[in-house]
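Atom set for the values below is all heavy atoms of this structure, side chains included, hydrogens, waters and symmetry mates excluded. Below, read A as the first sequence line, B as the second, and so on, with proteins coming before strands; counting in each chain starts at 1.
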2 protein chains.
Amino acid sequence: MAELKRLNLISSHILGNFKFETKSNSLDQYRARGKNFNHDLLRRKTFEPFYDMYTLIWDLMKEKPDLYDHSVAADFDREKLKERCHRQIMHLFPKCGLNHELNLKNPIKKISMCLGFCTNDIVLGTRTVVHIVLYTEALTNLGTDKHLNLINRAYTLKDYGCLGMTEIGHGSNVASIEITATYDMATREFVINSPTPTAVKWWIGAVGKTSNMAVIFAQLILKGINYGVHAFAIPIRDYETHKILDGIIIGDCGHKLGVQGIDNGFMIFRNYRVPYDCFLDRFSQVTPEGQFASSIRNNKKRFGTMISCLIRGRVVCIGGMESYARNALTIAIRYGAIRKQFGPDGERSILDYQLHRYRLMPYLARLFASNAATKFVSRLYNSRIPLMRTDPESPLVTEYHWLITVFKSLSTWNAFKTIQECREACGGHGYSTYAGFNKLKQDADVVCTFEGDNNVIIQQAERYILQAAQVRAANKPIASQYLQFINLQPAKPKIECAEHLKHPEVLISLLEYRCNYYLVNAVNKLQENMGRFSDMDSTWNNTQVRYLFVLPQVFGELLMLKELNNFVKELQTSCPATAQIVQSIMLLYGVHVLENESGMIKTQFTENEVRWINDTVIELCNEVGENAVNIMDAVAFPDHVVASVLGHSDGQAYERYTKVVENAPNCYGPPEWINLIHEHRKIFN
Amino acid sequence: MAELKRLNLISSHILGNFKFETKSNSLDQYRARGKNFNHDLLRRKTFEPFYDMYTLIWDLMKEKPDLYDHSVAADFDREKLKERCHRQIMHLFPKCGLNHELNLKNPIKKISMCLGFCTNDIVLGTRTVVHIVLYTEALTNLGTDKHLNLINRAYTLKDYGCLGMTEIGHGSNVASIEITATYDMATREFVINSPTPTAVKWWIGAVGKTSNMAVIFAQLILKGINYGVHAFAIPIRDYETHKILDGIIIGDCGHKLGVQGIDNGFMIFRNYRVPYDCFLDRFSQVTPEGQFASSIRNNKKRFGTMISCLIRGRVVCIGGMESYARNALTIAIRYGAIRKQFGPDGERSILDYQLHRYRLMPYLARLFASNAATKFVSRLYNSRIPLMRTDPESPLVTEYHWLITVFKSLSTWNAFKTIQECREACGGHGYSTYAGFNKLKQDADVVCTFEGDNNVIIQQAERYILQAAQVRAANKPIASQYLQFINLQPAKPKIECAEHLKHPEVLISLLEYRCNYYLVNAVNKLQENMGRFSDMDSTWNNTQVRYLFVLPQVFGELLMLKELNNFVKELQTSCPATAQIVQSIMLLYGVHVLENESGMIKTQFTENEVRWINDTVIELCNEVGENAVNIMDAVAFPDHVVASVLGHSDGQAYERYTKVVENAPNCYGPPEWINLIHEHRKIFN
């Protein structure tokens, strides 16, 4: 059968049945239409602070193009995809120059590397995050000097680690995980156990086949008393033989929607004994005699500190999904210029249609907003992350935490929607795996759930915003600089005319009003519900829909608009033409956020105001649409990173597409199951 | 390596590492909470008129459970999935009792069969549609007596056919396809050619590996004159050897996002000669001397008739995607009862949370609305379809056409969104292929694009509705009974209080008002744009967003609400308790449609009215949510058809899940690429 496949491959090479002799130049035609601006400036500023790391990684990827071309891997099975991902890490990771000392000085560098990997593949990025962010940072932040050796082994890839938090029975509710670590004073060991069938670590990245080390979370039991969730660094496979150690059962979680290159696995513990030093003892300590001590008195805060390692992973989610949205838009916008359909005199580019622009341009604007969010959390990263180690209860850590839950949710949901709209905008050809959306879609889906289910983690931000409202109501100063605008008696800014909406400060004031409007609504509803429900838990849960749940979203969107506005100002000083392009994108973002509203706030606008909002969206979609190909040229990743036949910058979509189809396994051969056809013809003849 | 895999499989059977001794009964607990109603009545009425065919097919599927269990096929490669689909058709099709005479008398039976297949798998349904609906109905409707033999061969599966319409360069714009069929009077043959590199039939289902026959569409050229798109029934593979015939190049379109079991392929023609009788000559004729004649004078109408075969496929899209939404909700609702997370005293079912109910219940309501749409188009099918053959220009055919474009778009988009929300509502476990969403998602995606890209075909309905408005403006009677309510001076019905919204007639009047409001808006905008643009084409295209494009959606939603209301009335006569359950669902549908509005109409409501709408949505979500498990029990497909470990009716989600994971290829074995790990350890040690 392998023989047959090879023959088919050869014959298709010989045949080359598609002859695209005259190069179509629709993409170049579209390029000629846009305004002039400084592509290089926009590219560098967009990818700051990651630009140098990105170019390093992109150059490395160019060394082995097949290893990063998704079309090549289209027909790989699960094991081959895992192998491929492992190969990629072995290829790239050692050349990125990370080490422990550097990480303490410049923590964002590690994130830059992971995000660089995500520009091509979130699987590669996530599989790396699991080891060097989740595992290694857990050691760094929760461990002490005695764990330094493990940390150094991680940076040199001697160990490959994973982080075991989620169990099959408990995902979002980490505090209720069931695996226990019981201290045995006699042997000075911890005994790890799965006391129930649902006490199984599940979905743990890199555990299925690769890791020899793990940081796992378990309920710490000392003398029969449960001291809550704590972390342990434990060996799980023999370093020499790679055999699973006695007392642990490890398996692979099987086939999944995407990210097949990550070996998500499960772990069951049966009286698995680990030495005393496995306990990560920065914030809690256990004496050899089994006495508990902790520098963090409050149980809830201690728990929060233990699982705070998730923050770093979420930063990669924010930036990684921005990259996926970027790749989707690169493909759809270029293809939109190339693809022609209908038209009065000859067919026109589908990107010329109002509807098509409306489908894509707001997502392009949202890409810039997501980028502003990525840059925002990255800018704060180097000051906030060290605090988590030295002063985990600092208000700046709490603030960073809510900002990240908001942006993680908004960025991942937005990317997922962007990819889907881009897929549909490329019609049937968008459905081909070689277009690129297949991988983008499948991988992106899980990012809405992992590192904290969006629908759940966003509720932490609700609490933070509500607390700020309480502080404002009490006439005290709000701590967070990002919530200073909170006003519990907001007045709606009047829109004078459509043109008025194109002033950034008007848009910002409208989005501020929107936050305050929903905040007051939520506060009132909470008070109303306090009378209806007997406990705070029920009150809170029954005030979610359209009240609390909307807050993180509207606050996040305002913050992104402000950040994007700052970006425009920054560009203004270097190149006004470039700033003007981004300003249109920023305006489109803000006005589309209002236009797309399905909440109560629409009742606060007059019909004319809504018409002006709609008209402005259309006008800006057209303005941005005319420049969209050039904008993408400036801010797209290189062709070998995007790896899409439809989205290549040379515009030769049909030629690239048919070529990869002809070279796919068994393109021209008979079905491998031809006997079945002959058999059924005998039956039905 | 195969040896290794087998050993791993055996060892995992021996191990059985998950011991769920006490059966969890959360699902039964939830069942006990709901109201009593007649499950059997609701099931039968919901699946009418397909119930008998469905049960026949479900019984057949039970004979070979592995053949229809998606988990079994999770790791199949493309060729194996194609083989599997072919096996399924050979198993089921001959037992469904179709033939040509029966089809003329009772055309819906064929659709029932295809929809029955879709309850388990849209791949199976679509692959069958391609042959027995698209191919065979094209012969039946466009051919004449001389094609009867081909028709009979199709029903007995002697031939397997496909329909070649789309080309790589032309999808939605079928009128501009490039493949030509030139009549050669000397030999009385048609010569089929691909004159350009984009003149390639592409994405044609069942052509890649299976079909020996095809109906293809090509530009008919007689004596150098192009008479437009016509259909030809042509052989493409040798019946005995299954070799591709000389003059055609056929290949497989390669890897795609989903529906891998369908062998989508491409066809290039190089002076391929077919006999005179291949021309399907019901509506157009070519004399042996090459003279053209047609009973349909108008070129546009003739073209419409030629491609009208798509209508039937779209009916299967409507019902098939309803089934996919049904399966997604079956899984998510049952899992929502089983899965417990957080809670004040012990963990509670996630389905108990307001937010979770709000995420799922409106989609359950939309499922009932989609079902009403399926039943609606099915009820009309037997009267409308024969008309297409005898009187293709009848207004009833045109009306049926717009109804179907509306429902095809709404049903497919809705199902796609439902599946995604259900996947996310199942959290990480929803991401496992064994949960079932993987297949549902991938397959469903393409249905938004194939058989007419939703975004494009829906524009046909815009024209139809606009024409009705013109008729109303001229004070003439509107032909379609479904548009009688059109009123160009609509007054908004006042909502008196929240309770008021629970009267079906109030809701219907609000949704009627919504249609009329947007219709007037669109008419005004069209008039305004006529002044701004010089040609009708530009005027039309620039009135799409938020004006024309919204019309088919709001009209479709109203129609579904009315149909659902009729369904409630029908149930009322048999069982008031059952009718009451469905009435709550119907009300939730209508009120959620209003609540979820992001258009201008929200400005027509007072803030209080919107509050009442929101409150009513929450109230109905709770009411329906309490009964959701029982509702799903009544209207879910059988367990072996849904084929999900999380959605099984016995509630043993964790047990089924872990069992299938343990039995998946190489669950417990070392990586097949273990050498790579040893190798890298040597390098980094």
Side-chain angles (χ1 to χ4, degrees), chain A residues 17-20 74-75 79 83 86 90 156-158 171-173 197 203 209 242 249 251-252 254-257 268 341-342 344 353-355 358 427-428 431-433 438 446 449 453 537 541-542 544-546 596 598 600 602-603 605 607 610 614 661 664 667-668 671-673 676-677 680 684, chain B residues 17-20 74-75 79 83 86 90 156-158 171-173 197 203 209 242 249 251-252 254-257 268 341-342 344 353-355 358 427-428 431-433 438 446 449 453 537 541-542 544-546 596 598 600 602-603 605 607 610 614 661 664 667-668 671-673 676-677 680 684:
Chain A
N17 285 305
F18 294 85
K19 315 278 181 207
F20 291 88
D75 281 290
E79 282 282 346
E83 177 182 347
H86 198 74
M90 296 306 118
T156 52
L157 284 183
K158 276 191 183 120
S172 293
N173 190 4
W203 281 134
K209 301 291 164 192
H242 204 62
I249 294 156
D252 188 283
H255 203 279
K256 50 203 182 238
L257 236 150
I268 306 172
Q341 209 82 174
F342 297 108
Y353 289 90
Q354 184 196 59
L355 182 61
Y358 179 74
Y431 199 70
S432 167
T433 296
N438 189 351
V446 79
T449 299
D453 184 327
D537 177 78
N541 286 325
N542 285 294
Q544 283 300 323
V545 176
R546 292 285 180 192
N596 202 37
S598 61
M600 276 176 227
K602 273 262 169 84
T603 60
F605 288 85
E607 200 174 7
V610 173
N614 291 357
V661 164
C667 170
Y668 286 115
E672 291 178 3
W673 38 281
L676 200 65
I677 289 180
H680 105 243
F684 299 118
Chain B
N17 286 307
F18 295 86
K19 315 277 181 207
F20 291 89
D75 281 289
E79 282 283 345
E83 176 183 346
H86 199 74
M90 296 305 118
T156 52
L157 285 182
K158 275 188 184 123
S172 293
N173 189 4
W203 280 135
K209 301 290 164 192
H242 204 61
I249 295 156
D252 188 282
H255 203 281
K256 50 201 182 242
L257 236 151
I268 306 172
Q341 209 82 175
F342 296 107
Y353 289 91
Q354 184 196 58
L355 182 62
Y358 178 75
Y431 199 69
S432 166
T433 296
N438 189 352
V446 79
T449 299
D453 184 327
D537 177 79
N541 285 326
N542 285 294
Q544 283 300 323
V545 176
R546 293 284 180 192
N596 203 37
S598 61
M600 276 176 229
K602 274 261 169 86
T603 60
F605 288 86
E607 199 174 8
V610 172
N614 290 357
V661 164
C667 170
Y668 285 115
E672 291 178 3
W673 38 281
L676 200 65
I677 288 181
H680 106 242
F684 298 117

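Both the backbone and the side chain of Leu157(B) come within contact range of chain A, with heavy atoms under 4.5 Å apart. Proximity to chain B involves both the backbone and the side chain of Asn596(A), based on heavy atoms less than 4.5 angstrom apart. Only the side chain of Asp537(B) comes within less than 4.5 Å of a heavy atom in chain A; its backbone stays farther off. Within the 4.5 angstrom heavy-atom criterion, only side-chain atoms of Ile268(A), from C-beta onward, approach chain B. Heavy-atom distances place both the backbone and the side chain of Tyr431(B) under 4.5 Å from chain A. Contacts between Asn541(B) and chain A at a heavy-atom distance below 4.5 Å involve backbone atoms as well as side-chain atoms.
Counting heavy-atom pairs closer than 4.5 Å to chain A, the top-ranked of the candidates Asn542(B), Thr433(B), Asn438(B), Leu257(B) is Leu257(B). In terms of non-hydrogen atom pairs under 4.5 Å with chain B, the most contact-rich of Trp673(A), Tyr353(A), Phe605(A) is Trp673(A). Interface summary for chain B: among Val446(A), Leu355(A), Asp252(A), the most heavy-atom pairs under 4.5 angstrom belong to Val446(A). When each of Ser432(B), Gly254(B), Gly427(B) is scored by its heavy-atom pairs under 4.5 Å with chain A, the top score falls to Ser432(B). Each of Thr156(A), Asp453(A), Ile677(A) has some count of heavy-atom pairs under 4.5 Å with chain B, and the biggest count is that of Ile677(A).
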Q.
Assess the residue pair Tyr668(B) and Asn17(B) against the criterion (side-chain contact (heavy atoms from CB on, under 4.5 Å)); give the C-alpha distance rounded to whole Å, side-chain angles, the decisive distance to 0.1 Å, and a yes or no.
A. CA-CA 11 Å; Tyr668(B) 285 115; Asn17(B) 286 307; 2.9 Å; yes
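A donor-acceptor distance shorter than 3.5 angstrom exists from the side chain of His255(B) to the backbone of Ala74(A), with no hydrogens or angles considered. Gln354(B) places a side-chain N or O within 3.5 Å of a backbone atom of Val545(A) that can act as its donor or acceptor partner. Under the 3.5 Å distance criterion, the side-chain polar atoms of Gln341(B) are matched with a main-chain donor or acceptor of Asn173(A).
With sequence neighbours excluded, the residues forming a side chain to side chain donor-acceptor pair (under 3.5 Å) with Gln544(A) are Glu462(A), listed by chain and number.
From Met600(B), atom CE reaches atom CZ of Arg546(B) across 8.0 Å, with rounding to the nearest 0.5 Å. Between atom NE2 of residue His86(A) and atom NE2 of residue His680(B) there is a gap of 4.5 Å, rounded to the nearest 0.5 Å.
Counting heavy atoms from C-beta on, the side chains of Lys602(B) and Val610(A) never come closer than 4.5 Å.
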